[in-house]
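Data block below; observations after.
Since we're looking at a predicted model, the values are computed, not measured. What's counted below: heavy atoms across the whole structure, side chains too, no hydrogens, waters or symmetry copies. Position 1 is the first residue of the sequence; numbering continues from there.
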Amino acid sequence: MMAGLSREVRAGGTARQGLLRWGLVGLLLLPLALGGYPLYLATEAALLGLAAVALSLLLGHGGVPSLGQAAFLGLGAYTVGLALKAGLPLGLALLLAPLVAALLALLTGLLVFRTHGIFILMLTLAFGQMVYSAAHKWTGLTGGDDGLSLSGLSIHPVLLHLVAVGVLLAAVGGLRALLQTPYGKTLEAIRQNEEKIRSLGVPTFYYKLSLYLLTAALTGLAGGGLALHRSFISPHDLFWLTSATLMVMVLLGGSRGLWGAVFGAMLYTFVQAWVSSFTDLWGLFVGGLLVLTVLFAREGLWPLLERRLGGGRGNA
């Protein structure tokens with residue numbers, strides 16, 4: 001009897017968690033009925049959410065800290081912008097964005113994963129700043145401080161939003177399935193005890209490198225979408241503060257859950273827009289929110305919501 005009751009409780013908790021996630025999707029789609037600035041913010045949140053999901057996978061499930069994600073985001077944006085200016089079709093430009101970002105990840109990852117811990121964080125930051133410096137100084141290609149304008153491109157905002165949300169949901173679903181495979185289980189084991197897993201003969205270097213490539217590709221795709229969304233690309237998008245912003249989104253939502261990264265991106269985007277509408281000190285508000293999250297909800301706000309409203313422990 002107790003076992004049956006336990007199964008019913010778990011089933012009820014799973015159903016409520018499902019409703020909670022559908023509610024999050026509903027919040028992403030609600031601005032379709034509002035249009036204007038709310039729709040713009042929701043599209044921004046969906047695209048940044050894709051980059052945050054990639055970082056959440058890298059950090060929370062691979063145990064790899066990175067402050068170089070802005071390089072992949074910006075490189076994806078510039079790839080789309082330059083490809084379109086060169087006359088390439090939009091579909092090909094969007095395909096090139098994750099490929100170019102993954103190529104950068106391959107070149108840098110071969111060095112990054114020769115080390116571990118804080119040194120990985122430092123190297124990703126260093127490589128990211130190198131890419132930022134190149135974009136900032138290479139004015140003939142990137143426009144330097146003036147940036148790169150895509151004002152001649154016209155994509156209906158509703159269509160762009162639907163595609164952005166669709167890609168985000170597909171990424172979350174696909175990555176959650178990936179985490180249940182032997183590959184995903186091995187990544188989790190490496191995160192928990194890399195030395196022990198390496199002693200068993202598992203090539204942990206290649207597992208982490210492959211994860212780095214995957215997350216870079218997703219981040220590059222998000223950057224390409226942001227280029228279409230904003231119709232403007234700036235080298236400042238490659239600055240390390242953009243990487244820090246993605247990290248804040250992940251920490252707010254919860255680094256161990258992909259849905260948490262989506263929630264964190266939405267929360268950050270809308271809170272920033274709301275607070276900045278009446279003060280330039282919005283950073284203090286967001287910083288205070290992050291401090292409270294670290295102190296009272298260390299796993300992130302999304303797992304807290306899942307426990308309180310979803311009746312479960314909270315997961316990816």
Run the numbers on T215 and L55 for side chain to side chain contact (heavy atoms under 4.5 Å, CB included), then give the verdict. CA-CA 7 Å; T215 56; L55 179 57; over 6 Å; no
Please determine whether ring-ring contact (aromatic ring centres under 6.0 Å, His included) holds for the pair F278 and W274, giving the CA-CA distance in whole Å, both sets of side-chain angles, and the decisive distance to 0.1 Å. CA-CA 8 Å; F278 55 83; W274 172 59; 5.5 Å; yes
Can you list the steps and then say if E188 with K185 is a salt bridge (charged side-chain N to carboxylate O under 4.0 Å, His left out)? CA-CA 5 Å; E188 180 63 25; K185 300 296 185 182; over 6 Å; no
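Using a 4.5 Å heavy-atom threshold, the side chains of Y78 and P235 count as touching. Between L82 and L148 there is a side-chain heavy-atom pair separated by less than 4.5 Å. The shortest distance between side-chain heavy atoms of L125 and L121 does not fall below 4.5 Å. Inter-residue side-chain proximity for W259 and L20 is flagged as unmet; no heavy-atom pair is nearer than 4.5 Å. For the pair L187/L178, no side-chain contact is recorded, criterion being any heavy-atom separation below 4.5 Å from C-beta on. Looking at heavy atoms from C-beta onward, W302 lies in side-chain contact with R21 at the 4.5 angstrom threshold. Between L88 and L96 the shortest side-chain heavy-atom distance falls below 4.5 Å. Residues L39 and L34 fail the side-chain proximity criterion, which asks for heavy atoms closer than 4.5 Å.
Residue L258 is grouped with residue L213 when hydrophobic side chains (ILVMFWY) are merged at heavy-atom distances under 4.5 angstrom, including chains of intermediate members. Y40 and L30 fall into different hydrophobic clusters, defined by Ile, Leu, Val, Met, Phe, Trp and Tyr side-chain heavy atoms under 4.5 Å apart, directly or through other members.
Taking the six-membered ring for Trp and thresholds of 30 and 60 degrees, F72 and Y212 have ring planes more than 60 degrees apart, a perpendicular arrangement. Between H116 and F119, the ring planes lie perpendicular to each other; the angle is over 60°, past the 30° to 60° tilted range.
The number of heavy atoms from other shown groups lying within 6.0 Å of OH (Y183) is above 12. Other residues, nucleotides and ligands contribute only 12 or fewer heavy atoms inside 6.0 Å of the CZ atom of F285.
Interatomic distance, L50 CG to T219 OG1, rounded to the nearest 0.5 Å: 7.0 Å. Atom CG of L48 and atom OH of Y268 lie 9.0 Å apart (nearest 0.5 Å). Atom OG1 of T43 sits about 8.0 Å away from atom CG of L32, to the nearest 0.5 Å.
S255 places no side-chain N or O within donor-acceptor distance of the main-chain N or O of G60, the cut-off being under 3.5 Å. Between the S133 side chain and the M130 main chain, no donor and acceptor come within less than 3.5 Å of each other.
With hydrogens and angles left out, the side-chain atoms of E44 and T269 include no donor and acceptor closer than 3.5 Å.
Judged by the 6.0 Å distance and 45° axis criteria, R114 is positioned over the aromatic ring of F205.
Evaluated for a side-chain contact (heavy atoms from CB on, under 4.5 Å) with V80, the options V100, L95, L228 yield exactly one hit, L228.
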